[in-house]
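These notes are about the structure you will find just below.
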Amino acid sequence: MSTEQQKRSTRPKADDAATTPTGVVALLEQEDKDVLIDYFYRMVLIRHFEEKAAEMYTKARIGGYCHLNLGEEATVVGFNEALGPQDYIYANYREHGYAIARGIAPKIVMSELFGKEDGCSHGLGGSMHLFDAKRHFMGGYGIVGGQVPLATGAAFAVAYRGSHEVVACLMGDGTTNGGPFYESLNLAKIYHLPIVYVIINNGLGMAMQADKGSAIGDLYRKAWTFDIRSERVDGTDVLAVRDAMNRAVALAREQQEPSLIEAVSYRFRGHSVVDPDRYRDQGMVKRERAQNDPIAKFALRLKDAGIMDEQGHKEIEERVEQEIDEAVEFAEASPFPSVDRLFDYTYAPDDFTTGDK
């Protein structure tokens with residue numbers, strides 16, 4: 001194997017060199033303890049929600065496609081923590097956790113997965129198309145990279161009207177191999193748009209290793225072509241992701257400049273719920289989960305710092321389990337949307353309004 005092949009076959013690490021120093025993540029002692037506990041609670045909430053979604057899919061309560069955030073909980077929470085309610089989020093189809101972290105109640109998200117009227121898209125969107133205009137959660141998109149030009153256009157609108165919102169655009173590693181990604185970054189730099197592109201690099205674009213599907217294994221370096229600030233961050237560390245996002249959001253809001261973050265994590269399950277995940281060595285999957293589970297790592301940090309004990313951990317787990325059970329009960333009881341409303345949202349009516357779910 002050549003030196004270049006060896007380099008490309010190595011899975012990227014979160015502490016590799018980036019365009020700018022990643023900075024020192026704040027010590028736990030310098031953080032608000034209640035905030036840290038809330039981060040942990042939200043990570044656990046997303047984990048249990050996704051595990052329950054997988055269970056409900058096997059019971060045929062959820063149809064269509066279903067992609068889970070298992071293993072990405074730290075990135076999900078850290079990403080959302082840096083954004084204000086006025087900012088906009090564009091996501092791909094692996095967006096359940098991001099919707100919950102944004103403030104959409106688990107019962108509303110579960111109802112949408114069930115295809116029920118009380119869902120955030122009134123049961124018409126399902127797993128891949130969660131949407132909440134009131135919270136500026138502008139949807140998940142089923143086409144790989146389909147959200148990137150739309151997010152860039154939204155950032156252009158923000159810059160054009162001279163307001164101070166920030167647009168955050170999520171994508172998987174495979175998206176960075178498509179033309180829309182490069183075209184969007186080019187325009188973002190030309191027009192100095194207030195946008196943060198976030199690549200969730202879980203090591204696989206569906207079944208292909210990220211570094212085998214890209215000529216450049218260090219995905220954050222792809223932004224260099226357009227003179228866009230970028231960095232790689234440990235996606236299993238909620239504080240590291242939050243701090244990276246804070247830097248990027250400040251750049252967008254204060255200087256009207258785009259940036260890109262590559263968050264390295266690990267996908268615990270296959271591409272979707274129905275993916276048997278036979279393309280990975282299962283021993284490696286078990287080792288990665290044991291070593292890089294973001295929830296287990298953060299729980300250990302909190303306990304070592306004396307911020308959370310075993311009883312507190314147990315209480316959070318019990319609280320979350322009850323919330324998720326209630327979410328399923330709510331979704332089961334919610335009605336299906338009426339057939340005569342099937343085309344209501346094909347075009348937005350003149351009197352279009354959004355409700356608060």
Side-chain angles (χ1 to χ4, degrees), residues 42 45-46 48-69 76 80 83 85-144 146-151 153-154 157 165 167-170 272-274 323-357:
R42 284 189 278 163
L45 179 65
I46 293 166
H48 282 261
F49 181 94
E50 294 291 61
E51 290 174 340
K52 182 61 72 171
E55 177 188 335
M56 292 297 102
Y57 194 95
T58 62
K59 293 181 178 179
R61 306 308 298 151
I62 298 172
Y65 293 97
C66 188
H67 307 80
L68 307 177
N69 291 123
V76 174
N80 275 276
L83 298 169
Q86 76 277 24
D87 299 325
Y88 294 88
I89 297 174
Y90 285 78
N92 61 3
Y93 44 75
R94 198 181 301 276
E95 87 277 38
H96 306 163
Y98 294 95
I100 292 172
R102 187 61 173 175
I104 305 177
K107 66 179 183 180
I108 302 302
V109 178
M110 189 67 76
S111 294
E112 188 59 40
L113 302 191
F114 277 43
K116 297 296 188 73
E117 175 64 38
D118 289 318
C120 55
S121 300
H122 299 286
L124 302 177
S127 170
M128 296 199 295
H129 303 292
L130 304 176
F131 179 85
D132 190 326
K134 181 180 178 62
R135 291 179 174 82
H136 290 187
F137 193 83
M138 308 310 292
Y141 291 83
I143 297 175
V144 174
Q147 75 279 16
V148 183
L150 298 178
E165 300 97 333
V167 177
C169 180
L170 294 159
S272 69
V273 174
V274 298
E323 286 186 67
I324 299 305
D325 288 342
E326 291 173 353
V328 172
E329 293 174 5
F330 180 88
E332 291 280 16
S334 176
F336 285 103
S338 173
V339 174
D340 60 13
R341 296 187 57 198
L342 187 60
F343 298 103
D344 279 4
Y345 299 98
T346 302
Y347 298 99
D350 293 336
D351 62 347
F352 178 73
T353 58
T354 59
D356 183 3
K357 292 289 187 180

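All residue numbers refer to positions in the sequence shown, counting from 1.
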> How close do Ile62 and Tyr57 get, heavy atom to heavy atom, and via which atoms?
Replying inline: O-CD1, 3.5 Å
> Would you say the side chain of Leu68 lies within less than 4.5 Å of the side chain of Val273, judging by non-hydrogen atoms?
Replying inline: yes
>> Between Asp325 and Lys52, is there a side-chain heavy-atom distance shorter than 4.5 Å?
In response: yes
>> For Val109 versus Ala99, what's the shortest heavy-atom pair and its separation?
In response: CG2-CB, 4.3 Å
> Crowded around Phe330 CZ? As in, over 12 foreign heavy atoms under 6.0 Å?
Replying inline: yes
>> Is there a side-chain contact (heavy atoms from CB on, under 4.5 Å) between Met128 and His67? Walk through the geometry before answering.
In response: CA-CA 8 Å; Met128 296 199 295; His67 307 80; 3.8 Å; yes
>> Is it the case that the side chain of Glu112 and the backbone of Gly125 share a donor-acceptor pair, with hydrogens and angles ignored and the cut-off at 3.5 Å?
In response: yes
> Yes or no on side-chain contact (heavy atoms from CB on, under 4.5 Å) for Glu329 and Glu332, after CA distance, side-chain angles and deciding distance?
Replying inline: CA-CA 5 Å; Glu329 293 174 5; Glu332 291 280 16; 5.7 Å; no
>> If you compare all heavy atoms of Val328 against all heavy atoms of Met110, which two are closest, and at what distance to 0.1 Å?
In response: CG2-CE, 4.0 Å
> Is there a donor-acceptor contact under 3.5 Å from the side chain of Ser334 to the main chain of Asp118?
Replying inline: yes
> What is the minimum heavy-atom distance between Phe137 and Ala91, and which atoms define it?
Replying inline: CZ-CB, 4.3 Å
>> Could you walk me through whether Leu45 and Glu323 satisfy the side-chain contact (heavy atoms from CB on, under 4.5 Å) test, starting with their C-alpha distance in whole Å, then the side-chain angles of each, then the deciding distance to 0.1 Å, before giving a yes or no?
In response: CA-CA 8 Å; Leu45 179 65; Glu323 286 186 67; 4.2 Å; yes
>> When you compare the side chain of Ile104 with that of Leu130, does any pair of heavy atoms fall below 4.5 Å?
In response: no
>> I want to check something: taking the side chain as every heavy atom from C-beta on, are His136 and Pro85 in contact at a cut-off of under 4.5 Å?
In response: no
> Which heavy atom in Leu113 sits nearest to a heavy atom in Ser127, and how many Å separate them?
Replying inline: CD2-CA, 3.4 Å
> Hey, are the side chains of Tyr93 and Val144 touching, using non-hydrogen atoms and a 4.5 Å cut-off?
Replying inline: yes
> Shortest non-hydrogen contact from Phe114 to Phe336?
Replying inline: O-CE2, 3.7 Å
> Is the closest side-chain heavy-atom distance between Arg135 and Ile89 below 4.5 Å?
Replying inline: no
> After noting the C-alpha distance and the side-chain angles of Leu124 and Arg341, does the key distance pass the side-chain contact (heavy atoms from CB on, under 4.5 Å) rule?
Replying inline: CA-CA 10 Å; Leu124 302 177; Arg341 296 187 57 198; 5.9 Å; no
